[in-house]
There are 2 protein chains.
Amino acid sequence: MGKKKLRAMSPTETEILRLVWQLKEATVQEIREQLPADRTLAYNTVQTLLCRLEQKGYLKHRDKGRAHVFAPRVEPEEVIKTTVRDFLGRLFGGDPKPLVQFLAEDGKIDEEDIKRLRQLIDKRKKK
Amino acid sequence: MGKKKLRAMSPTETEILRLVWQLKEATVQEIREQLPADRTLAYNTVQTLLCRLEQKGYLKHRDKGRAHVFAPRVEPEEVIKTTVRDFLGRLFGGDPKPLVQFLAEDGKIDEEDIKRLRQLIDKRKKK
DNA sequence: CTGTTACAACGACAAATGTAGGAGTAAACG
DNA sequence: CGTTTACTCCTACATTTGTCGTTGTAACAG
């Protein structure tokens with residue numbers, strides 16, 4: 001399987017890639033529209049970002065009429081794994097506990113989440 | 001209280017700041033020694049990073065003999081909060097659930113953690 | 001057909017980032 | 001003392017990043 005070595009993404013590129021995942025596939029315009037209200041980027045800026053993402057291997061595109069339709073070339077899971085690990089390494093020396101704890105303290109995790117977590121873990125143990 | 005607007009840190013700077021927190025205070029050398037084995041940076045490189053962190057307001061330093069001793073000027077919690085939020089925003093559009101789920105699936109969270117989480121949450125609710 | 005739109009292609013550019021060399025200097029060694 | 005050490009300070013520099021402007025062109029409105 002593809003153990004392809006992808007060049008690292010910049011923060012803004014990450015932001016854009018996420019939107020492409022969300023839309024499955026998208027043109028420059030569509031990405032622009034999908035940007036959060038407090039985040040404006042010129043058409044050209046988005047275009048540049050998408051191109052760079054393609055050069056780095058995260059996206060591919062096909063033509064549809066005069067427009068380019070960009071689509072992911074990598075699974076979110078794949079990218080998320082390395083990105084999160086990287087993040088964990090930098091900010092917490094690789095130990096996830098402080099992160100989880102922070103999420104809980106910050107009210108980002110609720111009972112629901114915990115229930116689902118327990119299930120996940122149980123399932124993992126069974127296997 | 002200090003709602004000081006700190007300039008953003010680069011990834012490598014984050015890495016270094018974490019080490020300073022860990023050591024409470026440290027000289028360039030001490031930071032270098034604290035670097036993971038697979039991560040070598042020249043003395044000067046570490047120095048530059050520490051200086052930039054100081055310029056950005058994350059560190060201060062005092063002199064001890066001929067050496068500079070750097071120390072944090074910000075609480076980890078403070079920085080972690082904004083950094084995690086930022087990260088969450090970029091990679092998950094701000095929704096922490098996928099992150100938690102990933103951590104669980106990736107085996108980063110175990111029963112212990114869940115127990116502690118539940119306690120945390122219960123406590124939060126009581127308040 | 002002609003002016004107006006939408007896009008892509010290409011180029012540009014300042015700032016941030018990662019990484020380090022070299023000069024200068026005070027302290028420690030012999 | 002003269003030399004080696006151990007640091008700091010200043011400088012540098014190739015890349016990457018964030019952000020666009022300009023130009024050319026195909027499609028569409030009239």
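Keep in mind that what you see is a predicted model, and the values were worked out from it rather than measured. Naming convention: chains lettered A, B, ... in sequence-line order (proteins, then strands); numbering from 1 in each chain.
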J.: Taking only side-chain N and O atoms of B:Gln47, does any of them lie within less than 4.0 angstrom of OP1 or OP2 on D:dC7?
T.: no
J.: Between D:dC20, C:dG18, C:dC7, which nucleotide has the shortest distance from any of its atoms to the side chain of A:Leu41?
T.: D:dC20
J.: When you measure from the side chain of A:Arg66, which nucleotide among C:dA27, D:dC28, C:dC10 comes out closest?
T.: D:dC28
J.: What nucleic acid atoms does A:Arg39 come within less than 4.0 Å of, heavy atoms only: base, sugar-phosphate, or nothing?
T.: sugar-phosphate
J.: Taking only side-chain nitrogens and oxygens of B:Gln29, does any of them come within less than 4.0 Å of OP1 or OP2 of D:dA6?
T.: no
J.: Any side-chain donor paired with an acceptor under 3.5 Å for B:Glu105 and B:Gln101?
T.: yes
J.: Expressed as a whole number of angstroms, how long is the span from B:Glu13:CD to C:dG18:P?
T.: 7 Å
J.: Is the phosphate of C:dG18, meaning OP1 or OP2, less than 4.0 Å from a side-chain N or O of B:Thr12?
T.: yes
J.: For B:His61 and D:dC9, what is the distance between atoms NE2 and P respectively, to the nearest whole Å?
T.: 6 Å
J.: Is there a donor and acceptor pair closer than 3.5 Å between the side chain of B:Asn44 and the base of D:dT11?
T.: no
J.: How close or far is atom C1' of C:dA9 from atom NE2 of A:His68, stated in whole angstroms?
T.: 9 Å
J.: Does A:Thr45 make a side-chain N or O approach to OP1 or OP2 of D:dC20 shorter than 4.0 Å?
T.: yes
J.: Given C:dT19, is OP1 or OP2 found less than 4.0 Å from the side-chain N or O atoms of B:Thr48?
T.: no
J.: Side chain of A:Lys56: nearest nucleotide among C:dA20, D:dT17, C:dA28?
T.: D:dT17
J.: Looking at the side chain of B:Arg7, which of C:dT17, C:dA16, D:dC7 is the nearest nucleotide?
T.: C:dA16
J.: Do the side-chain N or O atoms of B:Thr27 get closer than 4.0 angstrom to the phosphate oxygens (OP1, OP2) of D:dC7?
T.: no
